[in-house]
Participant: 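Shown below is the structure under consideration.
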Amino acid sequence: MKLKRNLIDLIELFLLPALAAVLPWPFCFRIFKSVAILDCFYRADVRRALGQAMSIAKITDTNAWASAYRLTKLVDHADLYLSLFRTRRWLDRYVTVTGPGWPKDGAPFLAVTFHWGAGMWSLRHLDTTDRHISGLMKGFDISEFSGRFVRYCYVKLRSYAISRAGVRNIIFLDKSSYFRLKKAIRPGSCLVALFDVPTMRQRNIINVQLFGHNIRLPRGLVHLAAKEGVRIITYSVSIDRETGFRKINISEPIISGQEEELSEHLVREFKKIVYADSPSWHCWEYIDLFI
């Protein structure tokens, strides 16, 4: 059973998405769209995600939803290999930006994003601003991947790709991470972090209504931004399912010493994208960890 699971991981995490590194992107994306229709790749993940999504949201066309979710996963995995083997020319050709863009002054900011769409190229784009980029990540250990050595290798490779994309300083989440985050907020820098991560704590949480159901999101970024007086810029990266182009959607910055105001802003941005395109949210597979 472990051998079969690792073989599936090898195909779904390495062999299939890595086609993007050797094929012209328009041709490769056409292949990916054909694959996304089939219920033979990412089967367990997509079925679990669809079941979880249907438990709290109304989905009228389950086949279309599953195909969109599968395509999102596939492109997100492919972006790992694209980011390693493609240059700035690829970014300029296939990635567009909406909104005010990244700040041109030297003041630090928090770039807050979500497990939605495909975000790897946003790091490459942010790196073009010549800022010192730090990133907040959840740490991981091989013991968490019992019998899934191939998946562990993929996660390690993804961490490497994130650093190659421009995140020079990766801060792993632990008891001392708050002090390292404060140190990372300095002129000419930015801190990239995900807002929609599961939290097992009963304290320091934000209660959010998603499709009429209560979920919990962490309060740490809000507390940091309010206490340190640093501005927050939320952004997301959408995938055009017809062309394969990415669009980095950057919001207007917000700065406030009031945690409630910042929380409302982040929740509003989060719900806006999930309601607009729910199959692009990767967290459906483990929504139970948010409840």
Side-chain angles (χ1 to χ4, degrees), residues 5 8-20 25 28-83 94-95 113-122 138 148 150-151 154-155 158 194-198 208 210-213 215 217 235-249 269-291:
R5 184 63 261 181
I8 292 173
D9 285 342
L10 180 65
I11 295 170
E12 295 181 345
L13 301 178
F14 286 93
L15 300 182
L16 180 59
L19 288 174
W25 177 243
C28 184
F29 186 68
R30 286 197 292 271
I31 295 176
F32 285 173
K33 286 204 299 181
S34 299
V35 166
I37 299 172
L38 307 175
D39 186 32
C40 56
F41 294 101
Y42 310 105
R43 176 181 293 178
D45 295 342
V46 173
R47 289 184 176 181
R48 182 166 58 250
L50 178 59
Q52 298 276 38
M54 290 178 65
S55 69
I56 68 171
K58 183 178 180 181
I59 299 173
T60 55
D61 188 337
T62 56
N63 288 332
W65 194 98
S67 295
Y69 188 83
R70 189 177 293 109
L71 183 61
T72 301
K73 287 183 70 72
L74 184 49
V75 171
D76 187 51
H77 293 323
D79 275 359
L80 184 158
Y81 303 99
L82 285 169
S83 71
Y94 295 109
V95 181
T113 188
F114 314 93
H115 287 97
W116 186 92
M120 186 67 76
W121 280 99
S122 66
K138 176 184 178 296
R148 303 288 293 273
V150 172
R151 182 170 289 267
Y154 173 81
V155 173
R158 195 168 184 93
L194 289 154
F195 177 59
D196 53 339
V197 295
V208 179
L210 188 68
F211 295 104
H213 291 72
I215 67 170
L217 295 174
Y235 75 92
S236 59
V237 185
S238 59
I239 304 165
D240 187 319
R241 297 194 185 103
E242 292 301 317
T243 65
F245 279 61
R246 320 292 194 278
K247 182 182 290 184
I248 305 174
N249 310 286
E269 293 294 311
F270 166 66
K271 293 174 70 171
K272 181 171 66 177
I273 58 174
V274 175
Y275 285 172
D277 189 4
S278 66
S280 286
W281 193 43
H282 296 275
C283 295
W284 288 116
E285 295 172 47
Y286 42 92
I287 188 68
D288 52 306
L289 297 180
F290 289 85
I291 298 173

Participant: If the condition is side-chain hydrogen bond (donor to acceptor under 3.5 Å, both in side chains), which residues does Arg30 pass it with, not counting sequence neighbours?
Facilitator: none
Participant: For the ring pair Tyr154 and His77, is the centre-to-centre distance below 6.0 Å?
Facilitator: yes
Participant: Output the distance between atom CD1 (Ile37) and atom CZ (Phe32), rounded to the nearest 0.5 Å.
Facilitator: 14.0 Å
Participant: Checking the side chain of His115 only, and the main-chain atoms of Val197 only, is there a donor and an acceptor separated by less than 3.5 Å?
Facilitator: no
Participant: Restricting to non-hydrogen atoms, name the atom on Ala20 and the atom on Ala78 that form the minimum distance, rounded to 0.1 Å.
Facilitator: CB-CB, 3.9 Å
Participant: Between Thr113 (side chain only) and Leu194 (backbone N and O only), is there a donor and an acceptor less than 3.5 Å apart?
Facilitator: no
Participant: Any side-chain heavy atom of Ile11 sitting closer than 4.5 Å to one from Phe41?
Facilitator: yes
Participant: Side-chain contact test, heavy atoms from C-beta onward, threshold under 4.5 Å: evaluate it for Asp196 versus Cys283 and give yes or no.
Facilitator: yes
Participant: With heavy-atom distances below 4.5 Å as the criterion, would you say the side chains of Trp281 and Leu210 are in contact?
Facilitator: yes
Participant: Flag the pair Glu269 / Tyr235 as yes when at least one side-chain heavy-atom distance between them is below 4.5 Å, and no otherwise.
Facilitator: no
Participant: If the plane angle is over 60° it's perpendicular, under 30° parallel, otherwise tilted; pick one for Trp284 and Trp65.
Facilitator: perpendicular
Participant: Atom NZ of Lys272 and atom CG of Asn249: how far apart are they, to the nearest 0.5 Å?
Facilitator: 8.0 Å
Participant: Counting C-beta onward and ignoring hydrogens, is there a side-chain heavy-atom pair between Trp121 and Ile248 closer than 4.5 Å?
Facilitator: no
Participant: Just wondering, do Phe114 and Ile273 contact through their side chains at under 4.5 Å, heavy atoms?
Facilitator: yes
Participant: Excluding sequence neighbours, so at least two apart, what forms salt bridge (charged side-chain N to carboxylate O under 4.0 Å, His left out) with Arg47?
Facilitator: Asp39
Participant: Please give me the minimum heavy-atom distance between Leu71 and Ala36, naming the atom from each residue.
Facilitator: CB-CB, 3.7 Å
Participant: Return the set of residues passing side chain to side chain contact (heavy atoms under 4.5 Å, CB included) with Val208 (not counting sequence neighbours), or none when no residue passes.
Facilitator: Ile206, Ile215, Leu217, Val267, Lys271
Participant: When you compare the side chain of Tyr81 with that of Phe14, does any pair of heavy atoms fall below 4.5 Å?
Facilitator: yes
Participant: For residues Gly117 and Ile239, report the shortest heavy-atom separation together with the two atoms involved.
Facilitator: C-CD1, 4.2 Å
Participant: Taking salt bridge (charged side-chain N to carboxylate O under 4.0 Å, His left out) as the test, write out the residues that go with Glu285, two or more places apart.
Facilitator: Arg48, Lys73
Participant: Quick check for you: to the nearest 0.5 Å, what is the distance between Ser238 atom OG and Lys247 atom NZ?
Facilitator: 6.0 Å
Participant: Indicate every side-chain donor-acceptor pair of residues 53-62 with a distance under 3.5 Å to a residue at least two apart or in another chain.
Facilitator:
from: Ser55; atom 1: OG; to: Gln52; atom 2: O; distance (Å): 2.5
from: Asp61; atom 1: OD1; to: Asn63; atom 2: N; distance (Å): 3.3
from: Asp61; atom 1: OD1; to: Ala64; atom 2: N; distance (Å): 3.1

Participant: So, for Val237 and Ala118, which heavy atoms are closest and what is the spacing to 0.1 Å?
Facilitator: CG1-O, 3.0 Å
Participant: For a 4.5 angstrom cut-off between non-hydrogen side-chain atoms, does Asp240 reach Thr243?
Facilitator: yes
Participant: Which atoms form the tightest heavy-atom contact between Asp277 and Ser280, and what is the distance?
Facilitator: OD2-OG, 2.8 Å
Participant: Decide if the gap between the ring center of Phe195 and the ring center of Trp116 is smaller than 6.0 angstrom.
Facilitator: no
Participant: Count the heavy atoms of every other residue, nucleotide or ligand shown that sit under 6.0 Å from NZ of Lys33, and state whether that count exceeds 12.
Facilitator: yes
Participant: Which heavy atom of Arg241 sits nearest a heavy atom of Pro279, and at what distance?
Facilitator: NH2-CB, 4.1 Å
Participant: Quick one: pull up NE2 in His282 and OG1 in Thr72 and give me the separation to the nearest 0.5 Å.
Facilitator: 6.0 Å
Participant: Go through Arg148 and Asp9 one step at a time and tell me if the salt bridge (charged side-chain N to carboxylate O under 4.0 Å, His left out) criterion holds.
Facilitator: CA-CA 8 Å; Arg148 303 288 293 273; Asp9 285 342; 2.8 Å; yes
Participant: Mind checking the CZ-CH2 spacing from Phe245 to Trp25? Nearest 0.5 Å is all I need.
Facilitator: 10.5 Å
Participant: Check this for me, if you would: do Asp76 and Arg158 make a salt bridge, where the nitrogen-to-carboxylate-oxygen distance has to be below 4.0 angstrom?
Facilitator: yes
Participant: Applying ring-ring contact (aromatic ring centres under 6.0 Å, His included), can you list everything that pairs with Tyr275, at least two apart in sequence or on another chain?
Facilitator: Phe211
Participant: Could you check whether Asp79 pairs with Arg246 (Lys NZ or Arg NE/NH1/NH2 to Asp/Glu carboxylate O, under 4.0 Å)?
Facilitator: yes
